[in-house]
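Structure first, commentary second.
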Amino acid sequence: NGSDAVVAPLFWGALAGTPGLLAHRAINTLDAMIGHHTPRYEQFGWAAARLDDVLNAVYAELPAEVWPAARLSIAAQLDYLAAADWDRLGGSLVDAIVDTLIMVSTTLVVAGILGLGLGILLYTARPGGILQNKAVYLVVNLLVNFVRPIPFIILLAFAQPLTVAVMGGSIGREPATFVMVIAATFSVARVVEQNLVAIDPGVIEAARAMGASPWKIIYSVIVPEALGPLILGYTFLFIAIVDMSAMAGYVGGGGLGDFA
């Protein structure tokens, strides 16, 4: 834990700056989430686990002569931070942290609920689903496939007319949060659908055979059966939402992205 959480991020941050630090944390997070030596994740998480091992092995095998240079690089970055005018920047930093927390928490809750409903609709309306409806499934699936791959920074510009119409403007914390909710909702929907598809169809058929209504099957069988993977998926999406809040700062959305 000390290696993954402290030593490795410091090393990659000193070697490659912020991109190196963020890349290591992203890979390490993937390893923690899907790099499990279990039948469920054996093949799916293999690449994440091996890549994390390689990144940690790089600095573990470095000769002793290299470490003084790494320490000097880290010390230089700490000196830079110490030299900043924190009397002037301190208040702005606190405001930026608060803005980021509000943006991320609001998006996680609202998009989590909307995306859950949209994902359940995708799963139940698909051919063979308990509420199968080909027209609904095609429309929703097309919408998710269209919106989800759009890079967030482009979506901010693309959704500007809608943002202005709904929020009354496109600059600030609330308009940025609005677009974050849109982006996250469709990402959550796909994650929910993918996890629900893994449910054993026999469980659902058993509930139908006992006369359970479609809505009772959804809240008493489908959601509980997929609860574990859904929580894991939401954890991964939390990281993506934090990334969105940082990018929102580029267009005056506030938060730590704007502060930086």
Side-chain angles (χ1 to χ4, degrees), residues 29-46 48-49 103-150 152 155 159 162 166 177-242 244:
T29 301
L30 278 174
D31 176 42
M33 293 180 62
I34 61 175
H36 307 302
H37 192 59
T38 62
R40 180 182 179 85
Y41 294 100
E42 185 71 32
Q43 300 299 323
F44 183 63
W46 179 89
M103 292 163 67
V104 170
S105 58
T106 302
T107 301
L108 190 62
V109 172
V110 177
I113 295 172
L114 294 178
L116 178 64
L118 203 58
I120 291 175
L121 179 61
L122 275 170
Y123 173 70
T124 55
R126 66 192 299 120
I130 59 175
L131 296 173
Q132 64 175 350
N133 186 311
K134 187 175 181 179
V136 171
Y137 176 76
L138 287 176
V139 171
V140 176
N141 190 53
L142 179 63
L143 193 59
V144 171
N145 286 338
F146 176 76
V147 176
R148 193 173 65 93
I150 299 177
F152 182 67
L155 184 63
L162 177 62
V166 175
T177 304
F178 175 73
V179 183
M180 288 171 61
V181 168
I182 293 175
T185 295
F186 291 102
S187 296
V188 171
R190 186 60 77 196
V191 170
V192 169
E193 183 203 17
Q194 289 172 346
N195 282 291
L196 296 184
V197 168
I199 297 175
D200 182 5
V203 177
I204 298 174
E205 289 301 321
R208 296 179 75 174
M210 290 188 295
S213 67
W215 297 111
K216 185 173 180 60
I217 293 173
I218 289 172
Y219 70 78
S220 65
V221 178
I222 293 177
V223 173
E225 281 290 320
L227 189 59
L230 285 176
I231 292 174
L232 193 63
Y234 274 63
T235 304
F236 181 73
L237 286 165
F238 170 77
I239 301 170
I241 291 172
V242 173
M244 289 182 197

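These numbers come from the heavy atoms of this one structure, side chains and all, not from hydrogens, waters or symmetry mates.
- The shortest side-chain heavy-atom distance between Val147 and Thr185 does not fall under the 4.5 Å cut-off.
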Exercise for the section: Could you go through the side-chain contact (heavy atoms from CB on, under 4.5 Å) check for Ile222 and Ile120 one step at a time? Expected result: CA-CA 9 Å; Ile222 293 177; Ile120 291 175; 5.6 Å; no
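- Taking CZ of Arg148 as the start and CG of Leu155 as the end, the distance is 13.5 Å to the nearest 0.5 Å.
- At a threshold of 4.5 Å between non-hydrogen side-chain atoms, the residues Val179 and Phe152 count as touching.
- In plain terms, the two heavy atoms of Met244 and Ala184 that are nearest each other are CE-N, 4.1 Å.
- When every heavy atom of Ala125 is checked against every heavy atom of Tyr137, the shortest pair comes out as O-CB, 3.6 Å.
- Counting all heavy atoms, side chain and backbone alike, Gly112 lies closest to Val188 at O-CG1, 4.1 Å.
- Residues Leu131 and Val136 fail the side-chain proximity criterion, which asks for heavy atoms closer than 4.5 Å.
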Practice task
Dump the intermediate steps for side-chain contact (heavy atoms from CB on, under 4.5 Å) on Glu193 and Leu118, then the final yes or no.
Solution key: CA-CA 9 Å; Glu193 183 203 17; Leu118 203 58; over 6 Å; no
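- When atom types are taken as modelled, the side chain of Asn145 and the backbone of Asn141 share a donor-acceptor pair closer than 3.5 angstrom.
- Between the CE atom in Met180 and the OG1 atom in Thr106 there is a gap of 8.5 Å [rounded to 0.5 Å].
- Using a 4.5 Å heavy-atom threshold, the side chains of Ile130 and Ile204 count as touching.
- Inter-residue side-chain proximity for Met103 and Ile241 is flagged as unmet; no heavy-atom pair is nearer than 4.5 Å.
- Heavy atoms only, all atoms of each residue included: Leu108 and Phe238 are closest at CD2-CD1, 3.9 Å.
- Residues Val144 and Ala189 approach most closely at CG2-CB, 4.5 Å, considering heavy atoms.
- Between Thr177 and Val110 there is no side-chain heavy-atom pair separated by less than 4.5 Å.
- Closest heavy-atom contact between Pro224 and Ile218: CD-O, 4.3 Å.
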